[in-house]
Amino acid sequence: MTRNQNRDDDASSKKRFKTCDNSGVTMWSDLNYDVFCLVIMQLGVVDFVACSGVCKSWRSCALSNRKIFMASKPPMSMQISNRAYDKECYCYLKDFEGRKYKTLLPHSVGRTCVGLTCGYLVLFGRETKDFWLVNPITRQELHFPDCPLYVDHDPPIIKAILVFSPSISKWVIIMLDKFTHNILFSIAGKGAWNHVSSTFPILDLHAFKGKIYTINMGCRVYEMRLKPKHKLTLLEIKNFWKPHFLFLEFVSSGENLYVMNQSCEDLYKVQELDFGEMKWVMPEKTIEEYAFFLGNLNDSVAIKLEPCRSQYERYSFFPYTGQKYRVFDANMWYFPHECMNVNLIDD
């Protein structure tokens, strides 16, 4: 199914197919609201999106239940066709039931997908050096001006996170070129970039419970503040974890913040940052209830196995560290629950 913004906007006024039987006696749009809600909550993401484009009443019901629906759905594997000779760029999504979704991405010509944040694909202009953020599910878009960041890796080692600042009511994009000392950020509509520097090379960047964290070489964790003055503040962690690897990555379950190894040595080893005790701890046994979805171009996420355990068990593998959680590895994952979430920051 391929849809563009114009079709999506016109969905409320144009019916795509007949919503009544041949006799014209009963209109599907007149179906009892509560019954219809029960039906659409059983659909896959692809069918749910298509359902919202049938008529006004269906669209109204789908939009009012969209956040709950997306939160209940497991991740989907994603591929982006952004080869240099393609005239159009498509996003391909596939869920655990094998259902596929194909959508045309606007502003994609001459661009490379360098990440995914809050449901937005981050598209970097190879010539223009600017960023377009496109949500393939909600069709929302954000634009940020040409950036002084040098993007010339394949695959790119850029980390982008999108946050919303309530104090200024603006979106802010924060960009990290991994293994460098600088973080760049831009406020939507301001047309400028600022930067924050670190003494040690930065390995990863993550938004968690209203704050922005970085993890640097030597497993040093910093909190990044944008106001009143943008800076990095080292967290005083009681015990100093000395990992035998350099490729550290944040993984969040929503309630807990983990750090995982992504290098060959001690592959997939996990540590949890206990903010109450301010120390590194081995994860509790409850970590066995989670599946870890690891992606190269987006945040890695830990999601509870239930209620999709049977689907997950068919495709996952156990890590080689003796721990019992499951791991899913792909170039890119799309998390439906995140396409309706906003990273609010306490700035």
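Numbers for residues simply follow the sequence, beginning at 1. Since the model is a prediction, treat every value here as computed from it, not as a measurement. Computed from heavy atoms alone, side chains included, the values below leave out hydrogens, waters and symmetry copies.
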Check whether any side-chain heavy atom of [X] sits under 4.5 Å from a side-chain heavy atom of [Y], and report yes or no.
X	Y	result
Asp274	Asn256	no
Met278	Glu236	no
Cys37	Asn65	yes
Met217	Leu248	no
Val259	Trp280	yes
Val221	Ile237	yes
Val122	Cys113	no
Lys159	Ile161	yes

Polar side chain donor-acceptor pair, [X] to [Y], under 3.5 angstrom:
X	Y	answer
Tyr213	Ser252	no
His230	Asn194	no
Arg126	Thr112	yes
Asn182	Thr180	no

Stepwise, does the side-chain hydrogen bond (donor to acceptor under 3.5 Å, both in side chains) test hold for Glu223 with Thr233? CA-CA 5 Å; Glu223 179 183 343; Thr233 302; over 6 Å; no
Whether [X] side chain and [Y] backbone form a donor-acceptor pair below 3.5 Å:
X	Y	answer
His181	Ser198	yes
Trp333	Leu294	yes
Ser64	Ser60	yes
Arg111	Asp130	yes

Starting at [atom1] of [X], measure out to [atom2] of [Y] and round the result to the nearest 0.5 Å.
X	Y	atom1	atom2	result
Ser300	Met260	OG	CE	7.5 Å
Met41	Phe69	CE	CZ	7.0 Å
Leu121	Cys89	CG	SG	8.5 Å
Phe131	Trp193	CZ	CH2	5.0 Å
Arg66	Cys61	CZ	SG	12.5 Å
Asn135	Leu142	CG	CG	9.5 Å

[X] atom [atom1], over 12 foreign heavy atoms within 6.0 Å:
X	atom1	value
Lys94	NZ	no
Lys209	NZ	yes
Gln79	CD	no

Quick one: closest heavy-atom pair of [X] and [Y], and the distance?
X	Y	result
Leu257	Phe275	CD2-CZ, 3.9 Å
Met175	Ile173	SD-CD1, 3.6 Å
Ser186	Ala192	OG-O, 2.9 Å
Pro336	Val45	CG-CG2, 4.1 Å
Val172	Leu226	CG1-CD1, 4.1 Å
Phe164	Val342	CB-CG1, 3.5 Å

Ring centers of Phe292, Tyr258 separated by less than 6.0 Å: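 Distance test on ring centres: under 6.0 Å, yes.
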Give the intermediate values and the outcome of side chain to side chain contact (heavy atoms under 4.5 Å, CB included) for residues Asp204 and Lys178. CA-CA 7 Å; Asp204 200 15; Lys178 293 185 178 182; 4.1 Å; yes
Starting from the C-alpha separation in whole Å, work towards a yes-or-no answer on side chain to side chain contact (heavy atoms under 4.5 Å, CB included) for Val270 and Met282. CA-CA 7 Å; Val270 175; Met282 291 295 293; over 6 Å; no
Salt bridge or not for Glu141 and Arg139, using N-O below 4.0 Å?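 Not counted as a salt bridge, because no side-chain N and carboxylate O are separated by less than 4.0 Å.
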Determine, for Lys227 against Asp346, whether the closest basic-nitrogen to carboxylate-oxygen distance falls under 4.0 angstrom.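 Looking at Lys227 and Asp346, the cut-off is not met.
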Begin from the C-alpha positions of Ile174 and Ile183 and carry the test side chain to side chain contact (heavy atoms under 4.5 Å, CB included) through to its verdict. CA-CA 7 Å; Ile174 306 172; Ile183 298 174; 3.3 Å; yes
Would Leu162 and Phe144 count as a side chain to side chain contact (heavy atoms under 4.5 Å, CB included) if you check the C-alpha gap in whole Å, the side-chain angles of each, and the deciding distance to 0.1 Å? CA-CA 11 Å; Leu162 183 67; Phe144 293 89; 4.2 Å; yes
Is it true that Leu63 and Tyr33 fall in one hydrophobic cluster, defined by side-chain heavy atoms closer than 4.5 Å?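 The answer is no; the residues belong to distinct hydrophobic clusters.
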Name the orientation class of the two ring planes belonging to Phe335 and Phe293 (parallel below 30°, tilted from 30 to 60°, perpendicular beyond 60°).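 Phe335 vs Phe293 ring planes: perpendicular.
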Establish, yes or no, whether the cationic atom of Arg220 lies under 6.0 Å from the six-membered ring centre of Phe200 and within 45° of the ring axis.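 Verdict for Phe200: a cation-pi partner in Arg220.
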